[in-house]
Amino acid sequence: METCIDFLECLETDVVLKIFNCLDDPGDLVRASTVSRIWRHFVVGNGLSKQLCVEMFPQLSSIAHITEPDSRTIKLTDAGSSKSMEWEVQEKEHKVYAALLQALTNVRSSSIDCISEAVSASSTDNYPDESVINTLDPRDRFLRRASYWSSKGQKDPSVPETLIYKLKADLCIITEIDIQPFEAFFQPGDPIYSAKTVRFRMGHPKNQIGMESDLSYLPLDEPADDKFIWTYTSQEFTMTQENRLQHFKLPEPALCIGGFLQIELSGRVQRQEMDGLFYICVSHVKVLGRPLSPAFQVEVLEPSGKLLLKYFSDELARTLQPSNNGKDPETTNVRLLTSEEMLWGRVGLLQYLVSENNQLQEHAIDWDDDDENEVEQQLAL
């Protein structure tokens, strides 16, 4: 014990790499890089933080460039013309990937609802009353009207349906998706229009220009699956024909690069008595996880499909900030209605007030205080 020998100086490089690859905790890897100058050179020079990132989330292998504010682009594929330049690139790469590891690890302990808005449904029965937008509201009734999305009816129960949502950031780590099938309380027997199985995909638009900021050109009631490239596909999960929020926890947290999620619903189990067709209806959807913004943003580089990772070190603390008991403090159970949604709300209200034969006087409506307050709030918008 009088003479201490660093095993890094005694073992072959490939043996040392095998030892360090046993460190699957990002914190251990970062701490190892601070043991000594020799250890730091080994961790940084061999890109171990990047290796661990890619091992945890293989999609990150597509990162070709890293940028930081007020800094030039780091090209990871051609690391400089001198040893000093190469070391500078490796140091910056280690810094960014170590911070990314910290963010990826932290998100597992806290999550929020990551849905930003509904993008499209492969079909919609009565649009806009049964729009996919309704799935963002946890209530199954709004102004005494059922609130849900419904597919079009099909004779073949095997015809699938898809719902697409935009997430709160272009880089999110997702741990669980929750779905509540709709129970038609206004039909005989209160049938529940669930699917047999569900599967999830995550990815980015094929055409990046304008897609992230403006989705208005994508009809909510028509399929848009061909507008996206899906880089992650989950296993199939079994749904039950029950009127409750069903939790589908991913075996491992999934990294969504590009900010879009698709829900594929397969197998229709409920036939509607009125027309004999099979439908799938969803009352509510939640996507649990954590956005990696504002510290990290990603851009897909066309036509290569490679990724540009943007790192804002000053924002890292905000990214790592734990959630408020699983709730986003800025969006806790509050969803701001768009002007289009408010218009639909008014249309729905009028449809509720006006009977099928357009004779309002034949239908007396018993309003209570809660109804009046809710209507006043909506119309005040």
- Message: Quick one, Pro291 and Ile112 - any side-chain contact, counting heavy atoms below 4.5 Å?
- Response: yes

- Item | Salt-bridge criterion met for Glu91 and Arg40 (N-O under 4.0 Å) | yes

- Task: Kindly indicate, with the supporting measurements, whether the criterion side-chain contact (heavy atoms from CB on, under 4.5 Å) is fulfilled by Lys92 and Ile66.
- Result: CA-CA 9 Å; Lys92 290 185 177 181; Ile66 292 175; over 6 Å; no

- Message: Assigning hydrophobic clusters by single linkage (Ile, Leu, Val, Met, Phe, Trp, Tyr; side-chain heavy-atom cutoff under 4.5 Å), is Val282 placed with Tyr165?
- Response: yes

- Residues Glu161, Arg268: salt bridge by 4.0 Å N-O rule: yes

- Verdict with reasoning, Asp113 to Lys168, per salt bridge (Lys or Arg N to Asp or Glu O under 4.0 Å): CA-CA 9 Å; Asp113 189 353; Lys168 291 181 178 179; over 6 Å; no

- Query: Hey, are Glu299 and Lys310 close enough for a salt bridge, meaning a charged N less than 4.0 Å from a carboxylate O?
  - Reply: yes

- Item | Within-4.5 Å side-chain heavy-atom neighbours: Leu288 and Ile174 | no

- Mind listing the closest non-hydrogen atom pair of Leu220 and Ser131 along with its distance? CD1-OG, 4.3 Å

- How close do Ala103 and Thr319 get, heavy atom to heavy atom, and via which atoms? CB-CG2, 4.3 Å

- Message: Donor-acceptor check, side chain of Thr105 to backbone of Gln102, threshold 3.5 angstrom: yes or no?
- Response: no

- Between Gln51 and Asn46, the two heavy atoms sitting closest are NE2-O, 2.8 Å

- Query: About how many Å separate CE of Met202 and OG1 of Thr231, when rounded to the nearest 0.5 Å?
  - Reply: 9.0 Å

- Task: Evaluate the side-chain proximity of Tyr148 to Glu130: yes if any heavy-atom separation is below 4.5 Å, no if none is.
- Result: yes

- Message: What verdict does the ring pair (Phe, Tyr, Trp, His ring centres under 6.0 Å) test give for Tyr193 and Phe182, after you've listed the backbone C-alpha separation in whole Å, the side-chain angles of each residue and the deciding distance to 0.1 Å?
- Response: CA-CA 6 Å; Tyr193 291 91; Phe182 178 67; 7.6 Å; no

- With a 4.0 Å cut-off, would you call Lys95 and Glu68 a salt bridge? yes

- Between Leu167 and Cys256 the two heavy atoms that sit nearest each other are CD1-SG, 3.8 Å

- Do Leu265 and Ile115 share a hydrophobic cluster, counting only Ile, Leu, Val, Met, Phe, Trp and Tyr and linking them when any side-chain heavy atoms are less than 4.5 Å apart? yes

- Query: Val159, Leu277: one ILVMFWY side-chain cluster at the under-4.5 Å cut-off?
  - Reply: no

- Query: ring pair (Phe, Tyr, Trp, His ring centres under 6.0 Å) between Tyr311 and Phe296: does it pass, once the steps are laid out?
  - Reply: CA-CA 5 Å; Tyr311 174 53; Phe296 298 95; 5.1 Å; yes

- Can you tell me how far the SG atom of Cys53 sits from the CG atom of Leu309, to the nearest 0.5 Å? 9.0 Å

- Query: So, do His284 and Thr135 sit near enough that their side-chain heavy atoms are less than 4.5 Å apart?
  - Reply: no

- Going by heavy atoms in the side chains, are Phe260 and Ile229 under 4.5 Å from each other? no

- Please assess Val298 against Leu292 for the test side-chain contact (heavy atoms from CB on, under 4.5 Å), listing each intermediate value before the final yes or no. CA-CA 10 Å; Val298 69; Leu292 297 185; over 6 Å; no

- Given the rule in the side-chain contact (heavy atoms from CB on, under 4.5 Å) test, do Phe237 and Leu250 qualify, once you have shown the distances and angles that lead to the verdict? CA-CA 10 Å; Phe237 297 86; Leu250 302 178; 4.1 Å; yes

- Task: Examine Val132 and Phe200 and state if one hydrophobic cluster contains both, with Ile, Leu, Val, Met, Phe, Trp and Tyr joined whenever side-chain heavy atoms are less than 4.5 Å apart.
- Result: yes

- Message: Which heavy atom of Ser150 sits nearest to which heavy atom of Tyr279, and what is that distance?
- Response: OG-CD2, 3.8 Å

- Walk me through it: do Leu101 and Ser49 pass the test side-chain contact (heavy atoms from CB on, under 4.5 Å)? CA-CA 8 Å; Leu101 280 171; Ser49 57; 4.0 Å; yes

- After noting the C-alpha distance and the side-chain angles of Asn243 and Gln180, does the key distance pass the side-chain hydrogen bond (donor to acceptor under 3.5 Å, both in side chains) rule? CA-CA 7 Å; Asn243 178 27; Gln180 181 169 351; 3.0 Å; yes

- Item | Ser151 versus Asp125, closest heavy-atom pair with distance | O-CB, 3.2 Å

- Item | Side chain to side chain, Val198 and Ser266, heavy atoms closer than 4.5 Å | no

- Query: Between Gln246 and Asp178, does any side-chain donor sit less than 3.5 Å from a side-chain acceptor?
  - Reply: no

- Donor + acceptor pair across side chains of Glu273, Gln187 (<3.5 Å): no

- Can you tell me if Asp225 and Gln262 form a side-chain donor-acceptor pair at under 3.5 Å? yes

- Distance col, row Thr124:OG1 vs Asn126:CG, nearest 0.5 angstrom, shows 9.5 Å

- Starting at OH of Tyr127, measure out to NZ of Lys152 and round the result to the nearest 0.5 Å. 12.0 Å

- Task: Please state whether the rings of Trp230 and Phe228 are parallel, tilted or perpendicular, taking 30° and 60° as the class boundaries.
- Result: parallel

- Cluster link Ile257 to Phe57, ILVMFWY, side chain under 4.5 Å: yes

- Task: Taking the side chain as every heavy atom from C-beta outward, state whether Glu264 and Arg199 have any pair of such atoms under 4.5 Å apart.
- Result: yes

- Short side-chain to backbone donor-acceptor contact, Gln241 and Ile192, under 3.5 Å: yes

- Query: What is the distance from atom CZ of Phe248 to atom OG1 of Thr175, rounded to the nearest 0.5 Å?
  - Reply: 14.0 Å

- Tell me, do Ser111 and Arg290 make a side-chain contact under 4.5 Å, heavy atoms counted? no

- Query: If you round to the nearest 0.5 Å, how far is OG of Ser122 from CD1 of Ile263?
  - Reply: 11.5 Å

- Can you name the one residue among Met239, Gln270, Arg244 that meets side chain to side chain contact (heavy atoms under 4.5 Å, CB included) with Pro181? Met239

